[in-house]
Structures are given as structure tokens and as C-alpha cells.
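Sequential numbering from 1 along the given sequence is applied to the chain's residues. Values below: all heavy atoms of this structure, side chains included; hydrogens, waters and symmetry mates excluded.
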Amino acid sequence: MAEDTSNKPEDQEIQKKREDEMSDTIEESIQYWQNSDEFTGDLEQLKIVLREVMGLDTSFDVAFREMSFGDRRTGTLFISGFANSDIMTEILTRLTYIKHDELSSKAMDTIFAKYIPHVQVEKVDKLSQVINKVLTGMSAIFIENEHTVLIIDTRTYPSRNPEESSIERVVRGSKDGFTETLLTNVSLVRRRLRDPGLKYEVVQVGRRTRTDVCIAYIDDIVDKIQANVIRDKIKELDIDGLPLGDKQLEEAIVNKGWNPYPLVRYSERPDAVAAHLLEGRVVIFVDTSPSVMIMPTTFFDLCQHAEENRQTPFVGTYLRWIRFLGIFASLFLLPLWLLLVLHPELKPPVLEFIGPHGKAKIPLFVQFIMIEFGVDLLRLAAVHTPTSIASAMGLIAAILVGDVAVKTGLFVNEVVLYMSVAAIGMFATPSYELGLANRIVRLVLIFAVAFFKVPGLIIGITLLILLLTLHRSNNSSYMWPFIPFNAKAMSEVLFRMPVLSSSRRPSFNKTRDNTRLNTEKSKE
């Protein structure tokens, strides 16, 4: 029978010490268990620290492979789910060629210089740094009686291939999109911007998640003050983690209140991100997130789509105006129709046809609220419905619910019609976040019209304009170029200008280099 060692004094002491630990960081935890953040060269002591700090022998994916090379004990620490087995096997095979006399002195320098057939290798002497790097997917080689550790980049993450974004589809244009892997995303942008001024700065955020956050900008274009402010906000963030990625980061550093309108623009298209970088914007990549944040942004930026720039200027302008019309309809169509129904005297003669031509058992205001919530419910159901039965759900919603509700007298036809037009306008809004914010505003305006009639609509629209005007994205005007007004920039918002007609970058970004075209050469 095996001896029961659970009651040994040393086991009880370790258990008591484990229960008393209150460390907030890896550094504190290592110092708690060995009074130092240095690797002492003792592999047995190292295994004790690894058991307590990162769950060696408890977490099945934390592996510590012990081997002897040239009569020197070594240990290789890695996460089995992240390590590339082919690279690991090649490195360990190479280490078996080490001769005994080569490790008599300066063993670490010998291995580093001659026996690691890999490009990305570095030396580290802090255990906290070693563990942090291993948790990102790298591998660490410890050598007995040596005080430095070799870190080798053997990472391979579970990932999918770059595919076109389902939200930002275009008829013509690139079909690649961001994935959940940070390295893939920055490479997709680097492929389009072969500018040595493109900088990628990585910061780890979160005491527990250690999420990689990459700050990207073009050094000789971006406003340095703006980039420094964003970097400082991210570095100063003290939070336990960002498991939900970019949206949590946005709330932590940008949109901290209850304002529904987005202060950053999200994009899943590398070409759109590259275009914004050339305008002088700052782009934030968050590891595990397939979308990136573009800062600062404006209300009108959120209304534009990549498809407009894939067509001729005339067609692009037409598409932009159609999209603006849809956004306007999603905001004001229902409140205006309800107001004209409640006050028929406000209708001009040409709009005499507007109004319900039938009667329903439910008041119009209640119909609007019910159908608003119904559309939201259908949208949520569509997100969670498997693709194979999504069409069946749409058929049920359109025929069984909508048609039957009208025929039974619950709704009038016009309410369903105008709500459908408003919903189409919301779905035509390029920014998903902007569409949802406009939906909330529409609901508020419907309530204002129902209870306060004409004054309610006027006050509601006035408060909306004030809200958007006072809203600031990274200390920049949210309604630029309308407020403050900039005629040239406003014309570029309303019309999709030809590429060669825009020789200057938008002044909104306060760029260091605002020249897009070399006008002197173009004249020659």
C-alpha cells in the first residue's frame, strides 16, 4: 500500500502557504515562493515554483520536458497546445549533438550560438518574464547551474484563414479579412503599407489575461500627441483582463459613459485600415479580436463604406446618397409619420395620402413599440439561428407573424411598411454600432412624439444634435466637418471625390504631413 504523505509536516506547511498567498501578479507570486525573481540554476527549486505559479503537474497542457545534453540537466517549458511539435523536435534533436567538453564553461553562450537552429531566440534572466512569454506560446530552455534562460518562439496558434468580413462585403475588392490572430492581422496591413514609417507597438493589458494590444500608426504622418495619449491610456489601464477583446478595451479607455454612439470605428477589412492609417489615424489591434479600432472617428466616418471607393466617383456618390437616405429614414421616418397621423393639419396637400387607411384594435403608439421590439427580437433570433433554418425563420416572421397580425386587425399596413423601411435603413448603416445607436434614438423620438407631439419632436432632435456636437472622439469633434463647418471636407463627405482631386489629408487628424500628392511633379 502506498504511503499516505498528505499529513507530512512539509506538505501541511506548503498547503498553508498556498492558502495564505494573495499575489496580484506573476512577479509577486514568484517572489512569494522563492524570495527572488531570478532563475537560480536549480531545476528542483524551479519545478516547485512552476507548480505553484503556473500549475505544473496540475494543468495538463503545461509541460516541462527534462533531458540531459553533454552531461548537463536541462528542462524545456512550454504549453503543449501552442508549441509547434516539428520545431521543438528539431531543436531538441540538434541539442543531442552537444559534446561534453563544450558545456564545461559558458554553456548558455555555446548553445545560443551553435545549437539553436531558429531565428527568434533571446536570453532572459527573470522568471516572471519567462513565464509570461511561455504563456503567450513560446518555449523556454533551462540549463542547470546557469542563471539565464533561452526563450524560443515556437508558437503556433489555432486560427482560421483570412476570409472576407460578413459585415463589410464589397462586390469588387479584396476578399481577405482579419482573423483572431494578432500576427496575421498586422501582416495583412503591412502587406498593403510597405512604409518604413509604419510602427507597431505592443503592450500587454490585464493582470491575468496579459492580452497583446498593438498600437499602429505611420510615424511621419500621425499627430504624435494623439498617439502618445492613446498609448498612455492603454499602458495605465489596471484591469484583471480583456477576455472579450477590443470592445472591453474601448469601454476602458474611450467610451466610459452611457452615450449610445460609438467613439471608435471598427473594421474587419485590411484595405480600409490601411487607408485610415494613411489619413493619419491610430489603429488598435487586440489579440483574439477579428476587428480593429480606428481612432479618432466622426459620425460621418461611420456612415461610409468601402464599396463607394470601389466604384467610379459618380456611382460612388450615388451609393453614398442612398446610404445617407437610409440612415435618415432609420432615424426620423417613423417619428415623422406618427406626428403627421396625430396632427393631420401639418400634412401638405401632396402628402394627403399619408396616414392609416384602416383601423386596428391597438393604438398606433403601442403598435410602434410592439413592432420595434419584434424586429429586435427577430434580429437576435437570426444571430442565434443555424444557417440551415434561418430562411424558415424569416418565412415565419414575414408571413405568419406580419401578415396574420395585419389581417387580424392588430396592426395597420402602414405601420408594418414604414417599420420595414426603417429597419432596412438601419441594416444599410455601415457601422453596426451606429445602427443600434440610431435605433435607440428612434425609440426616444417615438416616445417624445407620442407624449408631447410637435414640441417633443423638435426638442428631441435638438437634444440629439447637441449630444452629437458635445460628443468627442479622442478630444476631436464628433460632427466634423459639419460642426465646426469645413466646406471642402464637407463636400468630400457628400461626394465621393476622384483620387487625384484630394491632395491634402483631412485636417481633422492634425497630421504632421498633410500632403497626399506631389503637386509639383503632377504638374510636370
Side-chain angles (χ1 to χ4, degrees), residues 25-27 29-30 39 43 46-47 49-67 74-95 111-112 115-143 148-163 178-188 190 200-214 240-246 248-249 285-290 292:
T25 63
I26 292 177
E27 293 86 347
S29 183
I30 293 174
F39 173 49
L43 293 184
L46 172 67
K47 288 191 289 184
V49 174
L50 294 179
R51 288 191 190 101
E52 302 302 332
V53 175
M54 63 180 304
L56 179 64
D57 299 334
T58 302
S59 297
F60 77 94
D61 63 335
V62 179
F64 188 74
R65 179 73 166 91
E66 295 186 70
M67 299 181 69
T74 66
T76 305
L77 178 67
F78 57 94
I79 304 296
S80 59
F82 291 157
N84 187 314
S85 58
D86 294 334
I87 297 177
M88 293 289 295
T89 301
E90 177 66 24
I91 291 172
L92 294 178
T93 301
R94 179 75 174 176
L95 291 177
I111 292 177
F112 181 82
Y115 289 98
I116 302 295
H118 201 275
V119 176
Q120 294 177 294
V121 186
E122 61 177 316
K123 297 178 183 179
V124 174
D125 55 6
K126 301 285 187 182
L127 268 182
S128 59
Q129 295 179 2
V130 172
I131 293 176
N132 283 330
K133 290 180 179 296
V134 169
L135 290 174
T136 66
M138 298 186 183
S139 300
I141 297 181
F142 301 87
I143 302 175
T148 56
V149 184
L150 283 180
I151 302 296
I152 308 171
D153 191 350
T154 58
R155 290 176 290 189
T156 175
Y157 292 137
S159 62
R160 59 184 175 90
N161 293 327
E163 299 173 353
F178 293 130
T179 69
E180 290 74 19
T181 306
L182 177 64
L183 187 59
T184 301
N185 294 344
V186 298
S187 299
L188 288 172
R190 177 74 76 176
Y200 288 135
E201 299 182 18
V202 175
V203 179
Q204 287 190 333
V205 178
R207 296 187 302 270
R208 295 186 179 275
T209 61
R210 295 278 181 173
T211 305
D212 288 327
V213 176
C214 177
D240 60 348
L242 300 173
L244 299 182
D246 48 10
Q248 282 186 315
L249 182 64
F285 297 83
V286 181
D287 194 24
T288 73
S289 295
V292 304

*Asks:* To check you understand the geometry: which heavy-atom pair defines the closest contact between M54 and S59, and what is its length?
*Replies:* O-OG, 4.4 Å
*Asks:* Would you say the side-chain atoms of T209 pair up with the backbone N or O of L242, donor to acceptor, closer than 3.5 Å?
*Replies:* yes
*Asks:* Start with the C-alpha distance between L182 and C214, add both sets of side-chain angles, then the distance that settles side-chain contact (heavy atoms from CB on, under 4.5 Å), and finish with yes or no.
*Replies:* CA-CA 8 Å; L182 177 64; C214 177; 3.9 Å; yes
*Asks:* If you measure from CZ on R51 to OG1 on T58, what distance do you get to the nearest 0.5 Å?
*Replies:* 9.0 Å
*Asks:* Can you see which heavy atom on F178 is nearest to which on P290, and at what distance?
*Replies:* CB-O, 3.1 Å
*Asks:* Check whether any side-chain heavy atom of I152 sits under 4.5 Å from a side-chain heavy atom of F78, and report yes or no.
*Replies:* no
*Asks:* What's the verdict on salt bridge (Lys or Arg N to Asp or Glu O under 4.0 Å) for E27 and K126, showing C-alpha distance, side-chain angles and the deciding distance?
*Replies:* CA-CA 9 Å; E27 293 86 347; K126 301 285 187 182; over 6 Å; no
*Asks:* Please report the interatomic distance OG1(T154) to CD1(I87), rounded to the nearest 0.5 Å.
*Replies:* 6.5 Å
*Asks:* Return yes if some donor-acceptor pair links the side-chain N/O of D153 with the main-chain N/O of R155 below 3.5 Å, else return no.
*Replies:* yes
*Asks:* State whether F64 and K47 meet the cation-pi test: NZ (Lys) or CZ (Arg) under 6.0 Å from the six-membered ring centroid, and within 45° of the perpendicular axis.
*Replies:* no
*Asks:* Would a 4.5 Å heavy-atom cut-off, applied to side chains only, mark D125 and V149 as touching?
*Replies:* no
*Asks:* Just verifying a value: how many Å separate I143 CD1 and L150 CG, rounded to the nearest 0.5 Å?
*Replies:* 6.0 Å
*Asks:* Okay, side chain of S29, backbone of T25: is any donor-acceptor separation there less than 3.5 Å?
*Replies:* no
*Asks:* Using a 4.5 Å cut-off on heavy atoms from C-beta on, say whether the side chain of I91 contacts that of I116.
*Replies:* yes
*Asks:* Between T76 and M88, is any pair of side-chain heavy atoms under 4.5 Å apart?
*Replies:* yes
*Asks:* Would you check if the side chain of T156 reaches a backbone N or O of A83 as a donor-acceptor pair within less than 3.5 Å?
*Replies:* no
*Asks:* Is any side-chain heavy atom of T148 closer than 4.5 Å to a side-chain heavy atom of F39?
*Replies:* no
*Asks:* Looking at D240 and R207, is there a salt bridge between them, counting it only when a charged N and a carboxylate O are closer than 4.0 Å?
*Replies:* no
*Asks:* Within a strict 4.5 Å, meaning less than it, do heavy atoms of the D287 and T136 side chains meet?
*Replies:* no
*Asks:* Could you check V62 against I79 for side-chain contact (heavy atoms from CB on, under 4.5 Å), going step by step and ending with a plain yes or no?
*Replies:* CA-CA 5 Å; V62 179; I79 304 296; 4.0 Å; yes
*Asks:* CG/L127 to CD1/I26 distance, rounded to the nearest 0.5 angstrom?
*Replies:* 10.5 Å
*Asks:* Got a donor-acceptor contact below 3.5 angstrom from the E90 side chain to the D86 backbone?
*Replies:* no
*Asks:* Rounded to the nearest 0.5 Å, what's the gap from CG on L46 to CG on L56? Could you check?
*Replies:* 8.5 Å
*Asks:* Rounded to the nearest 0.5 Å, how far does CD1 of I30 lie from CD1 of I131?
*Replies:* 4.0 Å
*Asks:* Taking the side chain as C-beta and beyond, is there a heavy-atom pair between V202 and V213 under 4.5 Å?
*Replies:* no
*Asks:* Please find the pair of heavy atoms, one from G75 and one from L43, that lie closest to each other, and give the distance.
*Replies:* N-CD1, 4.4 Å
*Asks:* Do the side chain of S289 and the main chain of D246 share a donor and acceptor less than 3.5 angstrom apart?
*Replies:* yes
*Asks:* Please check if the side chain of Y200 supplies one atom and the backbone of V186 the other of a donor-acceptor pair under 3.5 Å.
*Replies:* yes
*Asks:* How far apart are the closest heavy atoms of I151 and A140, and which atoms are they?
*Replies:* CD1-CB, 3.7 Å
*Asks:* Does any part of the side chain of K133, heavy atoms only, come nearer than 4.5 Å to the side chain of V124, both counted from C-beta?
*Replies:* yes
*Asks:* Would you check if the side chain of T179 reaches a backbone N or O of T181 as a donor-acceptor pair within less than 3.5 Å?
*Replies:* yes
*Asks:* What closest approach, in Å, do G241 and Q248 show between heavy atoms, and which atom pair accounts for it?
*Replies:* O-OE1, 4.1 Å
